[in-house]
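Structure first, then comments.
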Amino acid sequence: MDETVAEYIRRTVLKMPRDEIKMMLQKWGFLSEAQLQTLNFHQQKDNISQEVVQLCEVNPLNSYFFLDNHIYQNKRMWSVYQMKKSGEEEEYFDIADFKKKFKGRIRSALKNVTITFKEYEDNAIWIRVAWGTPHKKPNQYKPSYVVYHSQTPYVFISASVLKSNLPLLCQALIVASNYRDIREMELRSHSLNSLKDIVFKRYSQNFQTYSPKPVQGWNVEAENADRRIVHENRSVKERIHRLNQESFGCGPQPKLEFAQYRLDTMFKSDPKMDVLDKKEPFRCLVKFSSPHLLESLKSLAPLGMADAPLSPLLTCITHKARNYFKIREKKESFVSP
Amino acid sequence: MKRKGKRIFHWVSSQKFPDFPKFLPSLTLSMQEFFKFLPEFPNFLPKIPRFPPKTLNVLAHLELLEAQHRGWAEAQERQEQLQEREKFLKSRIQELRQRRDALREKVRQELGNLGIASEPDPREVLEWKIQKCRELLRLFRLTGISGKLSPHGISLSLHTSFEGSLLDSFHLELQERGDSGRFWLCRHSVPPFIPLERLARELLPRNPRQFLGILCRHLNTFVGRREQLRKLQEEFPDSVQVLSQNSLCNFLSFRYRIPAESSGEFQEFRAQLRYRDPTGTRPDDVTAVTGDGERGIVGILGVFWEFWDFFENS
């Protein structure tokens with residue numbers, strides 16, 4: 001086995017926290033159960049990593065590079081790219097063809113790259129690319145990851161620090177999947193599953209139906225278990241709850257970390273006050289950040305911190321699939337494309 | 001007797017203090033209210049509350065306030081009385097209604113005993129009709145397409161099914177543009193590998209019904225293929241292994257391991273299914289490849305068609 005690969009595996013195992021090593025190795029799926037049983041997890045991490053490397057040398061498969069996938073899954077910043085069709089409908093998607101074209105395109109531009117593919121059960125194809133230069137070997141510790149679901153126009157890319165290779169990556173994707181153009185959507189987050197939920201419309205939206213399931217009203221019984229408590233503003237609270245459900249839906253929200261609004265508007269004030277002498281657009285940047293932004297926005301109105309319904313600028317984040325906005329003076333629409 | 005020096009005034013009088021009435025309110029009126037009574041209080045004075053100003057007679061002012069508040073208190077009492085009367089009348093109405101319903105029941109029973117059918121109460125008939133309507137609207141989802149008017153437009157739900165069991169539901173929201181009768185797609189929960197935008201662009205302005213029909217077929221066949229794949233994996237976990245599939249489930253390849261009847265060994269072969277038409281439930285193209293060349297093909301294909309029968313009949 002290659003020296004660099006052995007070194008890579010050893011270093012990655014050392015980085016894992018001790019109590020999670022076993023679980024990570026199981027999730028990785030590269031070593032069989034029998035091999036995992038022979039490992040002794042109570043010795044020093046150094047020794048554990050040496051044993052893992054020795055076991056890996058026995059297996060001939062090539063997917064060892066996805067070991068660090070689960071460790072850093074929620075620490076990477078993922079951004080979403082959308083591809084445009086060339087106009088013809090493709091009949092079916094051939095994964096072998098896709099892999100060949102992708103590898104061919106990248107290798108024709110750069111020689112020293114390591115490309116590995118892995119397919120998961122939910123039809124996701126993970127591509128890991130480790131970049132090098134004509135003079136240096138590929139850097140295994142700063143790879144780029146690409147996630148692509150077949151027959152969809154969306155690609156999720158977690159670019160490494162080496163941003164100069166991004167155009168080549170995008171070009172290879174277009175060529176391999178038979179599309180014409182690719183552009184970056186203004187949607188970024190740490191949680192890949194939430195990005196997938198937003199873009200594939202899997203999050204809970206509120207649609208009106210005559211379904212037999214009763215609408216989840218404000219659950220009075222749970223709140224009012226003690227009969228001595230009387231809720232004074234019950235109708236107000238129910239109204240707020242109903243409006244909130246219309247904007248956000250009933251289920252859990254996708255996990256985003258921030259929303260950024262770049263304002264380029266005129267300051268509107270009482271003409272008598274006349275704060276600004278010049279009639280220039282007022283430029284500022286408003287950034288909302290939170291460990292779970294959409295849940296916190298959803299709970300603003302019930303907690304009384306904001307009026308319901310919330311501003312459409314906040315509630316349209318999932319619908320428009322973006323969390324970076326540019327707001328200019330209102331002509332027709334206020335959001336720039 | 002006058003004293004020289006500082007003049008200290010004492011309130012000495014033969015009268016008692018005036019008897020303040022009992023319902024004098026506390027003297028914490030807002031300053032604005034207070035200034036209402038003062039004629040043209042100058043605006044440039046700083047708004048430091050000075051109470052009472054020296055220019056007025058305190059008692060006269062207090063009498064004024066007292067009169068005002070007495071008026072308010074009387075109005076409040078009157079309102080309270082009205083509310084009580086209202087409550088009483090409402091409870092009386094309830095009582096009378098209950099008596100009327102009880103008597104009606106009695107009459108109906110008596111008539112029933114005598115054998116005369118009574119006329120149905122029009123209100124009950126109306127309630128029955130409304131209930132029927134509601135139930136029908138709820139049952140509509142079993143047809144596959146149901147809709148409801150919402151404040152933003154029309155909200156349609158497409159419920160997919162396969163072999164008698166309801167599976168996923170997808171929703172669309174359509175809005176009408178102007179009065180032209182053309183619809184456009186507002187929100188939806190359809191996954192991106194279904195060609196929704198292309199269908200909406202081509203069909204929705206001209207022929208919404210056809211658009212809905214074709215979209216329904218796309219969704220139903222996709223869900224059907226996915227369900228068939230899942231069932232196959234569940235029923236034969238050892239014999240069948242899915243090698244590759246794609247999002248629309250229209251390009252699948254399997255590996256079969258079947259115990260041969262004659263020898264006791266396993267025979268392996270691979271099959272590839274291709275569905276050219278996304279709205280088709282049967283594959284257009286099946287390729288089967290075995291491990292040991294052509295010799296075993298005939299026997300293998302026989303087994304393969306057994307599997308295919310399972311597909312057809314399940």
Side-chain angles (χ1 to χ4, degrees), chain A residues 80 82-99 117 119-125 148-155 177 185 196-214 242-243 246-247 249 251 309 312 315-316 318-321, chain B residues 133-142 146-159 168-173 186-199 222 226 230 233 242-253 272-278 283-285:
Chain A
V80 189
Q82 189 178 17
M83 297 194 278
K84 278 212 200 54
K85 265 274 184 212
S86 52
E88 281 157 20
E89 278 291 313
E90 203 179 82
E91 286 175 348
Y92 53 85
F93 175 77
D94 191 357
I95 187 154
D97 193 37
F98 174 83
K99 287 186 194 175
F117 296 88
E119 285 131 63
Y120 284 90
E121 265 132 24
D122 56 348
N123 296 314
I125 305 168
Y148 176 58
H149 283 250
S150 52
Q151 292 164 328
T152 61
Y154 297 107
V155 187
S177 50
M185 289 172 66
K196 283 189 196 180
D197 282 343
I198 292 179
V199 154
F200 296 162
K201 308 272 182 196
R202 296 198 292 225
Y203 62 98
S204 65
Q205 303 182 56
N206 190 32
F207 287 100
Q208 309 232 351
T209 48
Y210 286 112
S211 64
K213 197 170 54 165
R242 188 176 42 90
L243 286 172
E246 271 178 23
S247 335
T315 51
C316 72
T318 43
H319 173 51
K320 289 204 168 26
Chain B
C133 260
R134 277 204 197 116
E135 282 168 10
L136 258 182
L137 285 168
R138 277 196 209 131
L139 277 180
F140 237 105
R141 61 194 289 268
L142 292 176
S146 62
K148 183 176 175 182
L149 277 178
S150 71
H152 307 288
I154 310 174
S155 169
L156 292 162
S157 312
L158 304 169
H159 306 279
D168 295 347
S169 312
F170 301 98
H171 304 272
L172 295 172
E173 212 173 74
C186 192
R187 292 193 294 158
H188 64 91
S189 71
V190 173
F193 34 80
I194 308 272
L196 179 66
E197 275 94 35
R198 181 180 63 91
L199 286 173
F222 156 65
R226 195 183 63 182
R230 192 190 64 86
Q233 281 181 306
V242 180
L243 286 180
S244 83
Q245 59 175 108
N246 58 3
S247 303
L248 259 181
C249 293
N250 60 355
F251 185 65
L252 307 163
S253 65
Q272 234 179 35
L273 296 168
R274 211 173 279 180
Y275 297 74
R276 284 242 170 70
D277 182 13
D284 296 289
D285 209 339

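Residue numbers start from 1 in every chain, and the chains themselves are labelled A, B, ... in the order their sequence lines are given, proteins ahead of strands.
A donor-acceptor pair is defined here as one N or O able to donate and one able to accept, closer than 3.5 Å; no such pair exists between the side chain of B:Ser146 and the backbone of B:Leu142. Here the side chain of B:Arg187 pairs a donor or acceptor atom with the backbone of A:Asn206 at under 3.5 angstrom.
Applying the ring-ring contact (aromatic ring centres under 6.0 Å, His included) criterion to B:Phe193, with sequence neighbours excluded, gives B:Phe222.
At a 4.5 Å heavy-atom cutoff, the contact between B:Leu172 and chain A is made by backbone atoms alone. Within the 4.5 angstrom heavy-atom criterion, only backbone atoms of B:Val190 (N, CA, C, O) approach chain A. For B:Ser189, the parts lying under 4.5 angstrom from a heavy atom of chain A are both the backbone and the side chain. Heavy atoms closer than 4.5 Å to chain B are found nowhere in A:Tyr203, neither backbone nor side chain.
Between A:His149 and A:Phe200, the ring-plane angle classifies as perpendicular under the 30° and 60° cut-offs.
In terms of heavy-atom pairs under 4.5 Å with chain A, the best-connected choice from B:Glu173, B:His171, B:Glu135 is B:His171.
No more than 12 heavy atoms of other residues, nucleotides or ligands lie within 6.0 Å of CZ in B:Arg134, so this atom counts as exposed by the packing criterion.
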